[in-house]
Chemist: 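Quick one: the structure is below, questions incoming.
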Amino acid sequence: MKKIRYYEYKFVYLNTLLLTITMNRAALLVRISTADQSYDRQISQLTEFAESRNLTVVETIAETISGAKKNEDRKGIQRLLELAQTGKINKLLVHDVTRLGRITSQVLTTLETLHHHRVSVIVMNYNLETLNKDGSVNPMTQFLITILTDLGRMERITLIERVKSGLQEARRKGKVLGRPKNSTKAPSKVLSEYKQVVKYLNDGYTIRETAKLCDVGISTVQRVKKLVEEQPA
């Protein structure tokens, strides 16, 4: 009798273990806007986060595309939906909401499709998860993601308008845009002048993040990055 109970217990334990493993299959979605940027920091942080949640990462989807593109133009999103539809994942990890996109309607469409296939989306930087344990949609998380996505969209529009306005104002004042002729500095001098930029780039930060952290222009960071890559190994 004890032997039968032991095998029953072992059977239940193995079933529970198998269910836990199969219920923790995740995909990572990382996105950058230009080839000058890097996925590395997103991937490393998401991988660490997945390990802390006992999630098995079955695929990392990396895109180099603007978040303002529609879902049908994004191969990464199409691959993600394919994984969801075939039951290969039930979790999606993103570093922040804008990695899903910057068009609110497109992001909500993606979420709706994922939820239909019982895939829960985890937004790492806010520690949000879209589905409850019973598979129902968490209304508060859905609400927050909608707001955050719309803020991302507005941020992009505001940035574009500021750049356009600044260029127009400069032209109105008769300023010559671009670098003056014969003003190119020696590579060693540029790298020495922007040591902090070099440090952040080497640490895996994106061009945009480095520009914000060092309070310099994106074009400056791009120039420094190019010089770093051209340096002999």
Side-chain angles (χ1 to χ4, degrees), residues 28-49 60-70 73-76 94-104 106-107 123-126 148-233:
L28 308 182
L29 176 66
V30 298
R31 181 182 66 77
I32 55 176
S33 299
T34 67
D36 293 324
Q37 298 171 319
S38 171
Y39 307 111
D40 294 348
R41 192 169 66 90
Q42 290 182 58
I43 292 174
S44 63
Q45 290 184 356
L46 287 173
T47 300
E48 288 180 11
F49 185 81
T60 297
I61 303 169
E63 289 186 294
T64 303
I65 192 169
S66 168
K69 295 290 184 180
K70 291 185 177 181
D73 298 325
R74 293 179 59 183
K75 292 181 180 179
V94 293
H95 190 273
D96 63 79
V97 175
T98 59
R99 299 311 88 193
L100 284 167
R102 290 185 182 271
I103 303 177
T104 309
Q106 296 291 294
V107 172
V123 182
M124 194 197 81
N125 67 339
Y126 285 100
L148 291 169
T149 304
D150 216 37
L151 286 173
R153 179 186 63 83
M154 292 168 62
E155 179 187 31
R156 179 178 180 275
I157 292 172
T158 302
L159 180 61
I160 291 172
E161 289 302 318
R162 282 178 179 172
V163 171
K164 285 182 179 178
S165 176
L167 291 174
Q168 289 172 356
E169 181 65 13
R171 291 191 183 100
R172 188 183 69 80
K173 292 180 177 180
K175 291 184 178 180
V176 178
L177 301 176
R179 185 184 300 279
K181 292 181 179 180
N182 302 319
S183 64
T184 303
K185 295 179 182 178
S188 58
K189 189 173 182 180
V190 174
L191 294 175
S192 175
E193 185 177 345
Y194 295 104
K195 288 180 181 178
Q196 197 68 14
V197 173
V198 174
K199 178 184 179 299
Y200 281 119
L201 288 173
N202 287 335
D203 286 344
Y205 286 85
T206 67
I207 288 176
R208 186 178 294 276
E209 289 167 342
T210 301
K212 287 182 179 179
L213 289 167
C214 297
D215 195 26
V216 296
I218 289 177
S219 60
T220 298
V221 180
Q222 289 174 331
R223 183 157 52 96
V224 173
K225 185 173 187 294
K226 186 178 180 182
L227 290 174
V228 169
E229 291 172 346
E230 288 174 352
Q231 292 300 300

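Numbers here simply count residues along the sequence, with the first being 1. Computed from a predicted model, the values in this text were never measured in an experiment.
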Chemist: So Val197 and Val228, side-chain contact (heavy atoms from CB on, under 4.5 Å) or not? Walk me through it.
Modeler: CA-CA 10 Å; Val197 173; Val228 169; over 6 Å; no
Chemist: To the nearest 0.5 Å, tell me how far Leu227 CG sits from Gln222 CD.
Modeler: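 These two atoms lie 12.0 Å from each other.
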Chemist: One thing to verify: whether Lys225 and Glu229 come together as a salt bridge, which I'm taking to mean a side-chain N less than 4.0 angstrom from a carboxylate O.
Modeler: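 So Glu229 pairs with Lys225 through a salt bridge.
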Chemist: Atom OG1 in Thr206, atom CG in Leu201: separation rounded to 0.5 Å?
Modeler: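 Going from the OG1 atom of Thr206 to the CG atom of Leu201 covers 9.0 Å.
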Chemist: With Glu63 as reference, evaluate Arg31, Arg74, Lys69 under the side chain to side chain donor-acceptor pair (under 3.5 Å) test and give the passing residue.
Modeler: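 It is Arg74; the other options fail the test.
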Chemist: At what distance, to the nearest 0.5 angstrom, does CG of Asn125 lie from CZ of Phe49?
Modeler: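 Interatomic distance, Asn125 CG to Phe49 CZ, rounded to 0.5 Å: 10.0 Å.
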Chemist: Checking Thr220 now: which residues fulfil side-chain hydrogen bond (donor to acceptor under 3.5 Å, both in side chains) with it, not counting sequence neighbours?
Modeler: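 Applying side-chain hydrogen bond (donor to acceptor under 3.5 Å, both in side chains) to Thr220 gives none.
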Chemist: Can you name the residues that form a salt bridge (charged side-chain N to carboxylate O under 4.0 Å, His left out) with Arg99, not counting sequence neighbours?
Modeler: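 So Arg99 forms a salt bridge (charged side-chain N to carboxylate O under 4.0 Å, His left out) with Asp96.
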Chemist: Using side chain to side chain contact (heavy atoms under 4.5 Å, CB included) as the criterion, list what pairs up with Ile103, not counting sequence neighbours.
Modeler: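 In terms of side chain to side chain contact (heavy atoms under 4.5 Å, CB included), with neighbours along the sequence ignored, Ile103 is linked to Ser105, Gln106.
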Chemist: Measuring from atom CD1 of Ile61 to atom NZ of Lys75, what distance do you get when rounded to the nearest 0.5 angstrom?
Modeler: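 Here the interatomic distance stands at 13.5 Å.
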Chemist: For Gln45, which residues count as a side-chain hydrogen bond (donor to acceptor under 3.5 Å, both in side chains) partner, sequence neighbours excluded?
Modeler: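 By the side-chain hydrogen bond (donor to acceptor under 3.5 Å, both in side chains) rule, Gln45 matches His95.
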Chemist: Residues in side chain to side chain contact (heavy atoms under 4.5 Å, CB included) with Val97, at least two apart?
Modeler: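 Checked Val97 against side chain to side chain contact (heavy atoms under 4.5 Å, CB included); matches are Val123, Ile145, Leu148, Thr149.
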Chemist: List the residues meeting salt bridge (charged side-chain N to carboxylate O under 4.0 Å, His left out) with Lys199, not counting sequence neighbours, and say none if there are none.
Modeler: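 Lys199 satisfies salt bridge (charged side-chain N to carboxylate O under 4.0 Å, His left out) with Asp203 once adjacent residues are dropped.
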Chemist: Partners of Asp73 by salt bridge (charged side-chain N to carboxylate O under 4.0 Å, His left out), sequence neighbours excluded?
Modeler: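 Asp73: no salt bridge (charged side-chain N to carboxylate O under 4.0 Å, His left out) contacts found.
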Chemist: Taking only residues two or more places apart in sequence, or in another chain, which ones meet Asp40 in a salt bridge (charged side-chain N to carboxylate O under 4.0 Å, His left out)?
Modeler: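 Checked Asp40 against salt bridge (charged side-chain N to carboxylate O under 4.0 Å, His left out); zero matches.
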Chemist: Can you list the residues that meet the side chain to side chain contact (heavy atoms under 4.5 Å, CB included) rule with Ser192, with sequence neighbours excluded?
Modeler: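 Scan of Ser192 (side chain to side chain contact (heavy atoms under 4.5 Å, CB included), adjacent residues dropped) gives Lys195.
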Chemist: Go through the steps for Tyr194 and Val221 under the test side-chain contact (heavy atoms from CB on, under 4.5 Å), then give the verdict.
Modeler: CA-CA 9 Å; Tyr194 295 104; Val221 180; over 6 Å; no
Chemist: Kindly compute the distance separating CD (Glu48) from CE (Met124), expressed to the nearest 0.5 Å.
Modeler: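 Rounded to the nearest 0.5 Å, the CD-CE separation comes out at 9.0 Å.
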Chemist: For Thr47, enumerate each residue passing the side chain to side chain contact (heavy atoms under 4.5 Å, CB included) test, keeping only those at least two apart in sequence or located in another chain.
Modeler: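 Scan of Thr47 (side chain to side chain contact (heavy atoms under 4.5 Å, CB included), adjacent residues dropped) gives Leu28, Ile43, Glu51.
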Chemist: Between atom OG1 of Thr104 and atom CG of Asp150, what is the distance when rounded to the nearest 0.5 Å?
Modeler: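 Between atom OG1 of Thr104 and atom CG of Asp150 there are 3.5 Å.
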Chemist: Tyr200: which residues meet the ring-ring contact (aromatic ring centres under 6.0 Å, His included) condition with it, sequence neighbours left out?
Modeler: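 Tyr200: ring-ring contact (aromatic ring centres under 6.0 Å, His included) contacts with Tyr205.
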